[in-house]
Amino acid sequence: MKIAVCLKQVPSTDTRIKIAPDGKRIDPAGVTFVTNPYDEFALEEAIRLKEAKGGEVVVLSAGGQGAVAALRNALAVGADSAVLLKTDADPDALAVARLLADEIGGKGYDLVLCGKQAVDDDAAQVGPMLAEMLDLPCATVVVKLELTEGKARATREIEGGVEIVEMPLPAVIAAQKGLNEPRYASLKGIMAAKKKPVEEKAASAAAAKVEIVSLALPPARQAGRIVGEGAAAVPELVRVLREEAKVL
Amino acid sequence: MSILVFVEARDGKIKSNSLEAVSEARRLADEGSPGEVFAVVPGSKGEGAAALGAYGADRVWTVDHELVARYQPESFVACVLEAVKKASAQVVLFPASAMGRDLAPRVAGRLGAGLASDCTALDWQGGALVATRPVYAGKAISTVKIAGSPALASLRPRAFPQMERRPGTSAAVEVLGITLDASRARVRTIEVGASEGGRVDLTEAEIIVSGGRGLRGPENFHLIEELAEALGGTVGASRAVVDAGWRPHAEQVGQTGKTVSPKLYVAVGISGAIQHLAGMSSARCIVAINKDPEAPIFKVADYGIVGDAFEIVPALTEALKGLRVGS
Ligand SMILES: Cc1cc2nc3c(=O)[nH]c(=O)nc-3n(C[C@H](O)[C@H](O)[C@H](O)COP(=O)(O)OP(=O)(O)OC[C@H]3O[C@@H](n4cnc5c(N)ncnc54)[C@H](O)[C@@H]3O)c2cc1C
Ligand SMILES: Nc1ncnc2c1ncn2[C@@H]1O[C@H](COP(=O)(O)O)[C@@H](O)[C@H]1O
């Protein structure tokens, strides 16, 4: 099996967002960058499939030099090789999908794994866009994946339940939390990763069609008030919910 | 200016998220250069289609075919692409529901079009569609301009009003002339499993009661369920209790769970970690019940009670049972 995994480097989820002076992006000072959490599920699934069925896992990221950290980490966890599609521009999802499609297409991949969404831009677009560009079947928000005889069977989360879909391989799968429990890199893995190849390719992303005009913090929520302590405060809570907040 | 709306129907019934999208399309059409609003409803025999006129649709295309009887991505993409062409649409709107979130990027990928997902507001600026959308799970708000035609956007459920802008008006309903190709429909649904009781999904819920590690164990979540029931709400959870296996992942609220904006959010035994706050800070009213007066959840809560959830929650449930809960 030849598997591609698309990884994005994003600010860690405990980041307190500050806006840069240009008012269009976040201030990167003091921000820790990590692999997008959903991409860790995608990577783990790829490595498990390789362990079960043999084959090769290639990790890809489009971005600046910083993305190499995410790729190296993936190599340490068990991926075989990495490709950085190096771009300094701020591509939108469409441009990223195009870069990934051009790199992945025609190379004989059986499976392409992505995260459900990147937790920075929250677009949830690249996986299914990439699938359409490669003309491959695709399932998104996948919490369980089984591969048998050239087919993928995926359980996907939908409103109020799940649905199980089946499609021929090759296919694109976008991972949701619950798919698996990602492992950590071992010391041995980290050492081995140093010898694994990271290929850097200059990539030119198309101009963003979704262009950022501004980025701002949401209106701060005012801390409200403590209506009381213990069960004795219940009548007052019910009163304010009815009379002040008017939500009951 | 011609605007197309993808309308979602389930078991023949048009979803409220799609009425919101049609209402917004009408508003945009009226405020932009004059134009028509079209709707495409795959999987519809026409039930409720004419009534979309009241919300602002001028023309509705239905597709009644076994390939679209339920969501089938390739066939739905084909229907939307055909409708885009027929309408010469410059803007295409989708509800950002499970279905819309799967479908919209596929359509964008096929058209090479820009898509702003999960928008909370839309407007015109110098003839271009401008969208407001939460990013970093709501820790920041981004304003984006969608260049090129068509411009695509998906609308966060419950963020746009559902409005009968033209009461009594019927839309012209036609069958979308399209030949669907079964060999293109590669993703086949094998089975659909509903979660218990067909409860309202968190993203669509008006009222949410969430429980955290303060509940001490899964056996105590009946307290949360009973409170939710008394309020007519849906149960949510923190990641800590989902990771512990007390509750299913579908109930997780937060940066790596669901982003919700209900009318009322009650957090019980939840500390208010930044990742949890990210998912629920846009709720209209937040109530926190926590024994620690210093818990960060109180910094975002409108109302709080400090104390033991095991004592407060049953008392609150009892008090609410006495009230008639309306909207
Ligand atoms: C990558 C990443 C993503 C994450 N994503 C999410 C996410 O999407 N959603 C999310 O929720 N978290 C997320 N987290 C986890 C988050 O950081 C917190 O660990 C988690 O939210 C804590 O859950 P909790 O509030 O239930 O538990 P705790 O933080 O342990 O809080 C329990 C609270 O219960 C109170 N309590 C205890 N006993 C009682 C009692 N008898 N009565 C009343 N109150 C009581 C305590 O005072 C305390 O405030 C994420 C973390 C990471 C690293
Ligand atoms: N720059 C990128 N490089 C590689 N993969 C990416 C990139 N951006 C997004 N992805 C993949 O696409 C998924 C969805 O991202 P998004 O559409 O941006 O929310 C992510 O979880 C990644 O798997």
Side-chain angles (χ1 to χ4, degrees), chain A residues 13-14 16-17 26 37 92 94 97 119-125 128-129 131-133 137-141 153 157-168 177-178 209-218 221 223-231 233-235 237-238 240 245 247-248, chain B residues 97-98 101-102 105-106 108-110 113-118 130 135-148 186-195 198-199 201 249-250 255-256 263-264 274-275 281 285 298-307 311-312 315-316 319 323 325:
Chain A
T13 58
D14 57 8
R16 281 187 197 281
I17 301 293
I26 64 161
D92 62 1
L94 189 71
V119 301
D120 51 358
D121 61 23
D122 286 334
Q125 295 183 12
M129 272 179 175
E132 293 297 336
M133 289 171 179
C138 166
T140 56
V141 209
R153 184 178 274 230
E157 246 179 46
I158 54 172
E159 280 113 358
V162 293
E163 67 177 12
I164 302 175
V165 295
E166 200 172 78
M167 72 209 84
K177 188 185 170 212
K209 291 208 163 162
V210 179
E211 187 191 321
I212 296 172
V213 178
S214 67
L215 187 69
L217 295 179
R221 264 195 107 91
R225 66 192 156 92
I226 304 288
V227 297
E229 284 187 24
V234 164
L237 177 65
V238 172
V240 294
V247 288
L248 295 187
Chain B
S97 55
R101 284 168 71 94
D102 187 83
R106 295 176 190 262
R110 284 299 204 85
L115 164 65
S117 22
D118 213 18
V130 171
V135 290
Y136 299 92
K139 286 190 247 171
I141 307 292
S142 165
T143 305
V144 295
K145 189 162 104 185
I146 312 161
R186 296 167 297 186
V187 181
R188 276 199 315 132
T189 302
I190 305 292
E191 201 181 310
V192 183
S195 66
R199 257 175 303 183
D201 189 72
H249 176 256
Q255 189 152 8
T256 50
K263 183 170 83 173
L264 173 63
I274 186 167
Q275 297 96 346
S281 291
C285 177
F298 287 122
K299 295 210 169 65
V300 299
D302 299 279
Y303 305 107
I305 299 185
V306 177
E311 190 195 311
I312 298 163
L316 183 55
L323 298 175
V325 181

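Residue numbers start from 1 in every chain, and the chains themselves are labelled A, B, ... in the order their sequence lines are given, proteins ahead of strands. Worth saying up front: this structure is predicted, and the values here are computed from it rather than measured.
Interface remark: A/L237 contributes side-chain atoms only to the contact with chain B (heavy atom separation under 4.5 Å). With a 4.5 angstrom heavy-atom cutoff, A/P37 touches chain B only via side-chain atoms. Using a 4.5 Å cut-off between heavy atoms, A/A131 does not touch chain B at all. Only the backbone of B/A301 has a heavy atom closer than 4.5 Å to any heavy atom of chain A. Of the two parts of A/A123, the backbone and the side chain both hold a non-hydrogen atom closer than 4.5 Å to a non-hydrogen atom of chain B. Of the atoms belonging to A/I212, heavy atoms from both backbone and side chain fall under 4.5 Å from chain B. Neither the backbone nor the side chain of A/V141 comes within contact range of chain B; no heavy atom of the residue lies under 4.5 Å from a heavy atom of that chain. For B/D102, the parts sitting under 4.5 Å from any heavy atom of chain A are the backbone and the side chain alike.
Residues satisfying the side chain to side chain contact (heavy atoms under 4.5 Å, CB included) test with B/I274, not counting sequence neighbours, are A/D14, A/R16, B/K139. Annotation: side chain to side chain donor-acceptor pair (under 3.5 Å) contacts of B/Y136 (sequence neighbours excluded): none.
The neighbour count for A/R225 CZ, taken as heavy atoms of other residues, nucleotides or ligands under 6.0 Å away, is above 12.
A salt bridge links B/R101 with B/D118: the distance from a Lys NZ or Arg NE/NH1/NH2 to an Asp or Glu carboxylate oxygen falls below 4.0 Å.
Ranking A/A139, A/A97, A/A245 against chain B, the residue ahead of the rest is A/A245, based on heavy-atom pairs under 4.5 Å. Chosen from B/I312, B/V135, B/V192, B/I305, the residue pairing most often with chain A at heavy-atom distances under 4.5 Å is B/I305. For the options B/K145, B/Q275, B/H249, heavy-atom pairs under 4.5 Å to chain A are most numerous at B/H249.
A 4.5 Å side-chain heavy-atom check between A/C138 and B/V187 finds every atom pair outside the cut-off.
No donor-acceptor pair closer than 3.5 Å links the side chain of B/R188 to the backbone N or O of A/E166. The backbone N or O of B/A98 lies less than 3.5 Å from a partner atom in the side chain of A/E159, making a donor-acceptor pair.
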